[in-house]
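Okay, so here's the structure we're looking at.
Residue numbers start from 1 in every chain, and the chains themselves are labelled A, B, ... in the order their sequence lines are given, proteins ahead of strands.
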Amino acid sequence: MEDLSLNDQEQQRRLKLAELRSLGINPYPVQFDKTHGAQDILGSFDDADTSALSAVRVAGRIVSFRKMGKASFAHIQDDTGKIQLYLKKDDLPEWYDNLRLLDIGDIVGASGFAFRTRMGEISVHVTEFTLLTKSITLIPLTKEETDAEGNVHRYSAFADKEQRYRKRYLDLIANPEIKSTFRIRSRVITGMRKYFDDRGWLEVETPILQPLYGGATARPFITHHNALDVDLYLRIADELYLKRLIVGGFEGVYEISKNFRNEGMDKTHNPEFTSMEIYVAYKDYLWMMDMTEDLIRTLAVDVQQQFGNVSKQRRDADEGDVSRAAIDFSVPFKRAGMFDLFLEYTGKNLRGMSREQLVAAAGEIGVPIDPSWSAMKVLDEIFSEKVEPNLIQPTFVMDYPVEMSPLAKAHRTEPGLVERFELYINGKEIANSFSELNDPIDQRERLEDQARIRAAGDDEAMVVDEDFLHAIEVGMPPTAGLGIGIDRLVMLLTQNDSIRDVLLFPQMRPEKLNAEG
RNA sequence: GCUUCCUUAGCUCAGUUGGUUAGAGCAACUGACUCUUAAUCAGUGGGUCCGGGGUUCGAAUCCCCGAGGGAGCACCA
């Protein structure tokens, strides 16, 4: 009967499960009517008048249990928090002796009345008790202590990052404060959707499986469609499809889209990630800059109001990692030309410099350069090294070289530049926008340039999409486009340093069991 | 992809120059306890020391190969 692959505690729980069944107790009943969440009771309990909470029904997972002979205390955890149950033998004549068959991790329901214990904790005095789900494996729940300021100190907390990412359900149980990150994530996406919908722009869905990929410079994932016997690409961006819709006559479309890029993984890159792209006809990038500023401010203020000081809620933050800048969303965002920022932070005017001049300039300001790099790569490197780290408060970087932006419209007054901005906050890019290129001849030349770069060996350069070019030939009205990296925005608003902490299920290398050499 | 560090009980961790039977707290089990809260007290069980190979009288410990993870770098919006 005993399975030797189970440890003693797992065997113990299976024995308890069998005993519960033999006692006629269903360990997996079908439902339970809750009337209150833990927080509902804690938040509304009134010592002067307990009548409002004289009949409550709560349910949740047992996270601690203290048996003291003929009375016991347990904490249960639900989606709103934890609340203590007080179980007395006199009040639970049928159930009390069976409490020995329960374990930490089991899900239970209880009804009773709220009261304050002698030690001062608001609790539920249980008069009826139900097992809702027996847990037959171990959960890394540990003891914790709440100090006078309300900070929770968890002993031997479930801290193994690998296991927390791989088994997020355990992480959510053992470290429930991370739930706030995902609540904020949801709130941000919902808020963004509402912002756009309120302005009459249409949410659309475009193909994830694409015969050609485009809209960004990146390596794609390739998959295969059996019935058609063709390879398809997982989208790297949805830009080219959304522009087709503007051509088709929609005047404002947006998509919150999962994109896939077959590249390295690190603190800020996951193979699949979420971005939002929006295109609005008859507008330019200056209009889009105003809209972006208002949108980001709206979202940030909303998160602040709903969740308060986020960093304080996150108790899993590394203690040493404290140098977080306070971002002020209330003041107007700084706006500066890319080359003005170069001048500001390097003292050099890099505008119009040749590759050789840029390499020389990089040497003078101490930015290491690989001699094989293109002029744009050198420029990009100087920007990353010398400018980006300074862009802590929200800053719009405007007007990029045309070579860096094959889908952006030539600048109305500045030759060699395009009408493009990127929003940087806390040293990281949050948004990217341009006056969209709608000159079909110019667009074709830019994509053909990309194709030449690609033929020269850069497999991240764009491919020519003839159908997209045809759409632009049909005629796309003047249009402003914007892309926002949702994951990075959420990282910013939740003060997480790793993209893995804002993804419920970050990509992990598959575990190999019993690997043989 | 490169560098570096880590992997010991369900969880968090000790483990001496390489030395007997690998330890602790929590969790589990048995018992006591009808307002406890890291409950307390007494007792008990629990290990593929990440996997494989090697050195050695002897390996958790030293060496090699492999796996996974963290951090950094490179690549990259």
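When the P atom is used for both B:G46 and B:G10, the distance is 13 Å, rounded to whole Å. Using P as the reference atom, B:C5 and B:C64 are 12 Å apart when rounded to the nearest Å. Nucleotides B:C57 and B:G68 are separated by 35 Å at their P atoms, to the nearest Å. Across the C1' atoms, B:C50 and B:A9 are found 15 Å apart, a figure rounded to whole Å. Rounded to whole Å, the separation between the C1' atoms of B:U12 and B:A38 comes to 13 Å. Spacing between B:U7 and B:A14 at atom C1', rounded to whole Å, works out to 15 Å. Nucleotides B:A60 and B:G53 have their P atoms positioned 14 Å apart, rounded to a whole Å. Remark: the separation of the P atoms in B:A71 and B:A32 is 49 Å, to the nearest Å.
Across all strands shown, B:G43 forms a Watson-Crick or G-U wobble pair with B:C29, both key distances being under 3.5 Å. For B:A24, the paired base is B:U12 (Watson-Crick or G-U wobble, both distances below 3.5 Å). Base pairing of B:U56 is not made with any nucleotide, judged by Watson-Crick or G-U wobble geometry with both donor-acceptor distances under 3.5 Å. Across all strands shown, B:A71 pairs with B:U3; the Watson-Crick or G-U wobble distances both stay below 3.5 Å. B:G66: Watson-Crick or G-U partner is B:C50, with both key distances under 3.5 Å.
No hydrogens or angles were tested; on distance alone, a donor-acceptor pair under 3.5 Å links the side chain of A:Q9 to the base of B:A27. Contact annotation: side chain of A:S64 to base of B:U37, donor-acceptor pair absent below 3.5 Å. For A:N7 and B:G10, a side-chain-to-base donor-acceptor distance below 3.5 Å is absent, hydrogens and geometry of angles not being considered. At a cut-off of 3.5 angstrom, the base of B:U36 holds no donor-acceptor pair with the side chain of A:E121.
Residue A:E429 is classed as a base contact, given a heavy-atom separation below 4.0 Å to a base. Note on A:K89: nothing from the nucleic acid sits closer than 4.0 angstrom, heavy atoms only. Note on A:K82: nothing from the nucleic acid sits closer than 4.0 angstrom, heavy atoms only. Counting non-hydrogen atoms under 4.0 angstrom, A:Y424 reaches a base of the nucleic acid. Among the atoms of the strands shown, none is found under 4.0 Å from any heavy atom of A:R13. If you check every strand for non-hydrogen atoms under 4.0 Å, A:F115 touches a base. At the heavy-atom level, A:K67 lies under 4.0 Å from base atoms of the strands shown. Using a 4.0 Å heavy-atom cutoff across all strands shown, A:A157 reaches sugar-phosphate atoms only and no base atom. When heavy atoms are screened at a 4.0 angstrom cut-off, A:A174 is found touching no nucleic acid atom at all.
Closest to the A:D103 side chain, of the nucleotides B:C33, B:G45, B:C29, is B:C29. Comparing B:U12, B:C76, B:G69 by their closest approach to the side chain of A:E263 singles out B:C76. Closest approach to the A:R118 side chain among B:G46, B:C35, B:G69 is made by B:C35 (side chain taken as heavy atoms from C-beta onward). Of the listed nucleotides (B:C29, B:A27, B:U36), B:U36 has the atom at the smallest distance from the side chain of A:Q84. The side chain of A:D266 approaches B:A74 more closely than any other nucleotide in the set B:A74, B:A28, B:A39. Out of B:G10, B:C33, B:G25, the shortest distance to the side chain of A:L138 is found at B:G10. Here the nucleotide nearest the side chain of A:K161, chosen from B:G46, B:G70, B:G25, is B:G70. Listed candidates were B:A28, B:U37, B:U34. Nearest to the side chain of A:T117 is B:U37. Which of B:U34, B:G68, B:C76 sits closest to the side chain of A:K70 comes down to B:U34.
Figure legend: cation-pi geometry between A:K88 and A:Y86 absent, as NZ or CZ is not positioned both under 6.0 Å from the six-membered ring centre and within 45° of its axis.
For the pair A:Q11 CD and B:C29 C1', the computed distance is 12 Å after rounding to whole Å. Counting to the nearest Å, the P atom of B:G68 and the CG atom of A:D160 are 15 Å from each other. For the pair A:D497 CG and B:G70 P, the computed distance is 14 Å after rounding to whole Å. Atom CZ in A:F65 sits roughly 17 Å away from atom C1' in B:C26 (whole-Å rounding). Between the NZ atom of A:K167 and the P atom of B:G69 there is a distance of 13 Å, given to the nearest Å. The distance from atom CG of A:D97 to atom P of B:C33 is 12 Å, rounded to the nearest whole Å. The distance between atom CG of A:D90 and atom C1' of B:U34, rounded to the nearest whole Å, is 7 Å. For the pair A:Q163 CD and B:G70 P, the computed distance is 11 Å after rounding to whole Å.
Aromatic ring pairs are classed by plane angle as parallel below 30°, tilted from 30° to 60° and perpendicular above 60°; the pair A:F129 and A:W95 is perpendicular. Ring-plane geometry between A:Y285 and A:H411 is classed as perpendicular, the angle between the planes exceeding 60 degrees on a 0 to 90 degree scale with a lower cut at 30.
Using a 4.0 Å cut-off, no side-chain N or O of A:R154 falls inside it from OP1 or OP2 of B:U12. Contact check, A:R66 against B:A39: a side-chain N or O comes under 4.0 Å of OP1 or OP2. The side chain of A:R509 contributes an N or O atom lying less than 4.0 Å from OP1 or OP2 of B:G69. The phosphate of B:C11 (OP1 or OP2) has no side-chain N or O of A:K143 nearer than 4.0 angstrom. The side chain of A:K377 contributes an N or O atom lying less than 4.0 Å from OP1 or OP2 of B:C76.
Nearest-nucleotide mapping onto RNA chain B: of A:F73 and A:F383, the residue sitting toward the 5' end is A:F73. Along RNA chain B, the nucleotide closest to A:Y86 and the one closest to A:A218 are compared, and the more 5′ of them pairs with A:Y86.
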Under the criterion side-chain contact (heavy atoms from CB on, under 4.5 Å), I'd like the reasoning laid out for A:D487 against A:T274: C-alpha separation, chi angles, the key distance, then a yes or no.
CA-CA 6 Å; A:D487 307 291; A:T274 305; 4.1 Å; yes

Practice problem: Take A:N390 and A:T395 through the test side-chain contact (heavy atoms from CB on, under 4.5 Å) and record every step on the way to the result. | Solution: CA-CA 10 Å; A:N390 295 303; A:T395 303; over 6 Å; no

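For the residue pair A:T206 / A:D238, no side-chain donor-acceptor distance below 3.5 Å is found, with atom types taken as modelled. Between the side chains of A:S135 and A:R61, no donor N or O sits under 3.5 Å from an acceptor N or O. With 3.5 Å as the limit, one finds a donor-acceptor pair spanning the side chains of A:D501 and A:Y165. In this structure, a donor-acceptor pair under 3.5 Å is absent between the side chains of A:H75 and A:E144.
Aromatic stacking of A:Y155 on B:A38: satisfied, with centres closer than 5.5 Å and planes within an angle under 30 degrees.
Atom CD1 of A:I178 is separated from atom CG of A:L172 by 4.0 Å, given to the nearest 0.5 angstrom.
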